[in-house]
Every structure is written in structure tokens, then in C-alpha cells.
Amino acid sequence: MTLRVYNTMSGKKEEFQPRVPGKVGMYVCGVTVYDYCHIGHARANIVFDIIYRYLQFADFETTYVRNYTDVDDKIINRANERGISSQELAEEFITAFDEDMDSLGLVKPTHEPRATEYIQQIIEINQKLIDKGIAYESSGDVYYSVAKFPDYLKLSKRNMEEMQAGARVAPGEQKRNPMDFALWKAAKPGEPGWESPWGAGRPGWHIECSAMSSSLLGESFDIHGGGRDLIFPHHENEIAQSEGASGKQFVKYWLHNGFVNVDQEKMSKSVGNFFTIRDILKIYDAEVIRFFILSAHYRSPIDFSEQNLAEAQSGLRRFYEALEAAAAATEGIDRPDVSSTEGAKVEEKFREAMDDDFNTALAIAHLFDGVRTMNRLVTTKKFRKKPELVAQVDDLYATILRLGKVLGLYRSQPTEWLEKVKLAGLTKLNITAEQITGFIEQRLQARAEKDFARGDEIRAELEEKGIVLLDTREGTNWRLK
RNA sequence: GGCCCCGUCGCCAAGUGGUAAGGCAGAGGUCUGCAACACCUUUAUCAGCAGUUCGAAUCUGCUCGGGGCCUCCA
């Protein structure tokens, strides 16, 4: 089975064949660093984190570039509001971004370039486009003439006439055509600027990605990703710039992730349903968020809600409980030399799902099947005396962890994770862990005295508070209802 | 107005021509002093209508409903 990916350009799933066999160049639009990242950024970055991991898992030597756009109107405005320099502001939010991505458990891309490190290359592309007659200078600004690029709008599949009806020219812009967009903006007093053939100025939005991608991956590369909302104008303009300058196909496969809604509504600052990653992480475990995001296909919209997060937590808990149980059940057993094919079966299904446009929801379903098989084996009578079953559990255990790693899941020690989530859930209830321990001791005492009525009473009282007691060979434990 | 997407069990969510995965919740059962976990069993004909086809959730058309982009946005 070969990997197939949905290409926004063709609107179809296509067989993935990198330009150079076995090697992949992938560029994903990062963030403009002027504010904290929200759950939508979390999704986009987690999705491409998984794509990157899976490409490597599938033996593609992958170069992954994710940029920081650290010069932009929004940054300048925000910095002015706060009375600090754009650079200081950008630095602050680059640090915040790194912290957030780290908390979410993302692997580092191969390169994380910043727009301001590529000013020279940006100027070169500008010059090339001007030399080719595709771009023009106008009182210190440089604009891209969309009429000179026949393929314009091929990605977003729009039509020029319609677009022009809605296009606006901002005050002060010297465009020949309202659809033209800025490649370079002359610096106004107090704005950051770099010397250029057109005077001091700064890059427009879009051009930085053309510069960074071509510098690090070449003029043509395999995968370009980002959120759906970037299709127009951002990616459309990148194509115009890059293909206009190079005359070559810019990107082979365009991948776009779907949005995150909040309680069925579009997330927006005006509605007030806007959640930053750091706020969410105060309430939910990072891995629960990842599990939630991967429980839907990356192109579908996903609804961020308390119920959906709670379900994600239940699902993830099922994995950790199974892993914990399997480890406990096989502890201290001598491992005879018996082979197992259980793991290979799960892996085959997993690969099949992931090969179909990174279908993480289906891939997780197959891992759940592995969990059920593992639980069934572990609870088989005289399990520990049946080497072939022990071998199968060992195999499944290792396979689930190994495949989970491709999704960035099951990174924690099961016992620690379960304990952490349990204690975190406790803060919502009106009881402390110490109080629960106290009740458990009372109940133990009652049971020792064969006072089962009192014991059950304590169980009922705790259950009312949302605590369930678990009697095991090792003693009594508790969990959240 | 233009372009695009979606509508699958109570909830979440796979499934793009061959007869409906998985999770959560629910019901019954095994296990347990009780309980929980786990395991077993059980719950849908796919918004509606009309077509194409031997055969459709999957293709076409229409209707209804929801959403996105077209200005900054993952």
C-alpha cells in the first residue's frame, strides 16, 4: 500500500510520490508572532507534527520547515500599543510559541527560520519579479501584478472578475490593479525597515514564505501545509511569487487542515469564545488535547467542547489503563522464545489507515482493537502460565507504544498519567485525596470487623461525591466516577 | 452574488460502488462480599426526494438544514 494524500490543488486524493524518491521537503506556514497561540494553532501544528512523524515512520527522509513571521503590520501595531519594539514583541511570542508547542509534545521541525533572517532573499525575489515585469515599484512600495500571472487563483479556484468586485485599495496604496498585492512596503516613520533598491522598507505578507521555502527546500518541493484559511490569499500569493520568479512548479502537494469550532460556533475574538493553548492546558492534559484532535480526520472541522474533551480523556484513559494492566500482568514472567503476530496485524491496519491521507481517527480505532485484544488475553485464566499469550501481550504492548509514538501518544508512564489526571479531576470535586484516604481506612476497619453494611455505606457516600472505590489484591484504590 | 465543504446510532467519529469500523454513553451477562476495571452480547440502512447501476451512505440532479472562504486569521 502506498501513501495517498488529498491535494487541495487537484481537489483529489493522489498517490504521494516525492520529487526525489525517498526524500520529502515539507514547508508549513507557522505563526505571525504578535499574540499567544490558540486552539486552532494547536490543531494545525499537531496535524503537521503527525504528518512529519508519519512520513519518517514510512521511511521518507523528511526535511520539515516551519517558519516564524516576525515582521508584519499586526506586530508593528501591537508593539506600538505596548510601547516596545517589534523585535522585542516578536521575541516574546516566539518564546511563548516554543513553550506552547513543547507543552503539546511536538517534535522540532528540521528548520525554524524567521522572516527577518531572510530579508536579503526577499529583496532578491522582488528584484527578479520586477526584472521579469511581473512586479512593479510604486513610491517605495513593490506590488505584484496579478494580471501577469495567468495561473493566479488556480489553488483557490476563484475567478478574477468576482474577486475584483470585492477588492479594495487601502488608503495610500499605489496599485495599478486592486487585486495586486504588496511584496515590499516602504517604511513609514517609526516602522522597522531594511535598506533595499526601493528605499527603506519591509516585506509584505506572503513573500517571506516564498523566500524561506526556496532557501531551505529549493524552488520546488513536495508538501506545503497550513490551515484552510490560508488557501486564499496567502498560499495563492505564494504560488504567484514563487512560480513567477522561478518559472517552475512551486509545490507538488498542498495540504490544508480544517478549523476548530468552539461549541459549534466559529472561534473568534468578537464572539469571545477564544481559547489560548496555555489557558486550555491549565484545564486539560496536553495528551488529551492531542488525542481529541487526532480523533477526527485533519481536514474535517472539529468541535472543541467540554463533552468532547471529556470523551477524549476517557478514550485515552482506556489506553493507559490497558497498558498499566498489561505491564502488571506480565511482570516477572520468564519470557520463553515464542513468537507473536498480533502486533504485526495491528501495525498493518494502522499503516493502511495512515496511508489513506493520514486517517488518524481510523488508525486510533485499530489501536483500540489492539487494546481489546490485549485486555482479553491478560484476563484469560492462567494467563501467566501460557507463554504464547504472554508473547502476544508483550508484542501488542510494544506495538501500541511504538505506533502511538507516531501519533505522539502514550508518552507518559501509565501509572503517573492516570494519577495525574485523577488528581486534576479531583479539584472539581469537593473533597481532597487525604479525605478519601481517611474514608478508605475507616472502611477497611469496618470490613475487618465484618461490618459490611458500614463499608458499603462509605462506598455509597463517596460515590455520591463522585469517587469510586476499587478493591484489589493489593488494597483499596479509588478513581473518579 | 462567486467558490468550496458538510449532514452516518443518544453523543463523538471512520467508511467514495458490493451490502454500515471504533470510542463514549445505555441495556443484559461473566467476574466481584458489594462495587469498579476488564471481557462477552446487544443498539443505525446512512437529512429527504428522484435518477444511474446487477448492486449506492458512497455517482448524478433537486429539496431541506448547517458551515467555511471571498478583509486579518491555523
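A, B, ... follow the sequence lines: proteins, then strands. Residue 1 opens every chain. Computed from a predicted model, the values in this text were never measured in an experiment.
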Can you tell me, in whole Å, how much space there is between the [atom1] of [N] and that of [M]?
N	M	atom1	answer
B/G15	B/A57	C1'	9 Å
B/C9	B/C49	P	16 Å
B/A13	B/A27	P	24 Å
B/C73	B/C64	P	35 Å
B/U16	B/U8	P	16 Å

Heavy atoms only, 4.0 Å cut-off, all strands: where does [X] land among base, sugar-phosphate and nothing?
X	answer
A/G227	sugar-phosphate
A/D73	nothing
A/V47	nothing
A/A44	sugar-phosphate
A/T380	nothing
A/G11	nothing

Verify the ring-centre separation between [Y] and [X]: is it less than 6.0 angstrom?
X	Y	answer
A/Y27	A/H224	yes
A/Y34	A/F93	no
A/H235	A/H206	no
A/F181	A/Y143	no

Counting only side-chain heavy atoms from C-beta out, which of B/A74, B/G22, B/G15 sits nearest to A/N257?
B/A74
Any chance you could list the contact pattern along nucleotides 27-40 of chain B? Use B for base contacts, S for sugar-phosphate-only contacts and - for none, protein heavy atoms under 4.0 Å, 5' to 3'.
------BBBSSSSS
For [N], which nucleotide is its Watson-Crick or G-U wobble mate, given both distances must be under 3.5 Å?
N	result
B/C9	none
B/A38	B/U30
B/A21	none
B/G51	B/C59
B/C3	B/G68

Which comes earlier along RNA chain B counting from the 5' end, the contact point of A/S314 or that of A/N159, where each point is its nearest nucleotide?
A/N159
Between A/N261 and A/A365, which is nearer to the 5' end of RNA chain B once each is assigned its nearest nucleotide?
A/A365
Between the protein and nucleotides 11-13 of chain B, which nitrogen or oxygen pairs are less than 3.5 angstrom apart?
from, atom 1, to, atom 2, distance (Å)
B/C11, O2', A/Q307, NE2, 3.1
B/C11, O2, A/E311, OE2, 3.3

Give a yes or no on this: more than 12 heavy atoms of other residues, nucleotides or ligands lie within 6.0 Å of atom CD of A/Q435.
yes
Distance below 4.0 Å between A/N359 side-chain N/O and B/G15 OP1 or OP2:
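For B/G15, OP1 or OP2 has a side-chain N or O of A/N359 closer than 4.0 Å.
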